[in-house]
2 protein chains.
Amino acid sequence: MMATTAKNAKRTAARAQRRQQLIDATVKCIARKGLGSTTTADVARQAGLSQGIVNLHFKSKDNLLSETLRYLADEYKTQFNLAVENSGPAASDRLRALMELDLRPSICDRDKIAVWFAFWGEVKSRPRYREICEKSDEYYDEVTRRLCDEIIAAGEYPGVSGIAVATVLTSLTNGLWLACLVNASSFDREQAMGCIDEYLNCIFPKHFPVRVL
Amino acid sequence: MMATTAKNAKRTAARAQRRQQLIDATVKCIARKGLGSTTTADVARQAGLSQGIVNLHFKSKDNLLSETLRYLADEYKTQFNLAVENSGPAASDRLRALMELDLRPSICDRDKIAVWFAFWGEVKSRPRYREICEKSDEYYDEVTRRLCDEIIAAGEYPGVSGIAVATVLTSLTNGLWLACLVNASSFDREQAMGCIDEYLNCIFPKHFPVRVL
DNA sequence: TATAAAAATGAATGAGTATTCATTCATATT
DNA sequence: AATATGAATGAATACTCATTCATTTTTATA
């Protein structure tokens, strides 16, 4: 008979580890060669494993790609939640921590951004990708909106819409990522953060006073 | 001998027309199936022509795709310049015309946006794509910045940077396009324009007073 | 109209790639 | 140690797709 506890735990752990190894390899390949030119053989080679490994663990390439996107979304969500939790209790501190997160070197990195855009580029024709992205976006928008509403209530900002500000902030960071991807040479993280601060100061002056350099 | 005038003119016109027909077909295919799943046979079928036609007119698929991107960039530039020229002489009118352009139904259309993102998704691994996109971006940024600087000078807005505002505006519209692509159901062009107006009102209050509905 | 030139066709080619699967290898259980 | 089980391999398979090119069709000139 099988000792389903210790035994299986180890087995499934090893299995999960290998899946992660393949997902990591996939991310690297997409960053380097693009989604369109990434083959299962590339992924296997990058992972230091053999041909058939992708289909063994993910059933199909399609599935591997979906799972990779799902992983990226989860990974970002974790960072996102961490950023909120680890920052000061004030809503304004939390909001700024989120903005800082998006421009942090480990996230606002050309390789990483290239992978996000690779998936976004296929969103229209791949319902699965869209579902994953949409679900994530809803969450971020909701959290950001709540923070904005809190600030608006506390600061008595008349005529400012929390939804609108949240939409501006998330769209703005996505747009800045594109600038980082396309205009790599002229893009400057500092300057990008400056844009965001200028906006925050403008919309919530009481909470985001001009930063003296 | 050859009548190089009338004769060749007609020939090259026909040739250009066929190329355009193929580029249009390519755009349609990318919008429907995505860049990764668009084959030369798809494009030919969409254009109502035969297998070999793409290689006959574009030499290679790669070339067809680059030319398609170039065409899209040119097409947008034309609209962009038109929007500037056709709007009131004041810099603020021109700036708002540019924002309206990006959210105009014919441009802020899921199919069109999907094509842009398809190319952006490959920018990192395709230098040719990047060159085309970067060159366009520089132009738009420059024009937008000039308008912003003009407004800043006229309105005596202290501590507002034209470059920063221009960056915010172009990044914001690109980010709003992503929202349109991903969150198709909840995204609303009206609301997006509202976000932009709120921003403009906030940063340049004298030039963009609150719009009464 | 006859002839030359260009454009277009579409079957054939072959390079590339996802997937399969018989076999080997590693590990755990008895 | 012997056996069973899951993991991994990598050669073989089946298939897709960009590209080629011999042939046909269209168009323009003489």
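Source: prediction; values computed, not measured. In the text below, chain A, chain B and the rest are named by the order of the sequence lines, each starting its count at 1. Side-chain atoms are counted along with the backbone in the values below, which use heavy atoms only and exclude waters and symmetry mates.
The aromatic rings of F117(A) and W120(A) stand perpendicular to each other, their planes meeting at an angle above 60°, with 30° marking the opposite boundary.
Within the 4.0 Å cut-off from OP1 or OP2 of dT17(C), not a single side-chain nitrogen or oxygen of T40(A) is found.
Under a 3.5 Å cut-off, the side chain of W177(A) and the backbone N or O of D102(A) do form a donor-acceptor pair.
Contact check of residues 18-38 of chain B against DNA chain C (heavy atom, cut-off under 4.0 Å) returns R18(B). The stretch residues 43-68 of chain B comes close to DNA chain C through L49(B), S50(B), Q51(B), G52(B), I53(B), L56(B), H57(B), each having a heavy atom under 4.0 Å from the strand.
Qualifying side chain to side chain contact (heavy atoms under 4.5 Å, CB included) partners for R45(A), counting only residues two or more places apart in sequence or in other chains: A41(A), D42(A). With sequence neighbours left out, Q21(A) forms a side chain to side chain donor-acceptor pair (under 3.5 Å) with R18(A). Every side chain to side chain donor-acceptor pair (under 3.5 Å) that H207(B) has, sequence neighbours left out, goes to Y157(B).
Counting only heavy atoms from C-beta outward, the side chains of Y199(A) and I203(B) never approach each other to under 4.5 Å.
Under the side chain to side chain donor-acceptor pair (under 3.5 Å) criterion, the residue pairs touching residues 160-172 of chain A are D141(A)-T170(A), with sequence neighbours excluded.
Taking atom CZ on R15(A) and atom P on dT5(D), their separation rounds to 17 Å, with Å as the unit.
If you take CD on E67(A) and CG on L22(A), they are separated by 12.0 Å, rounding to the nearest 0.5 Å.
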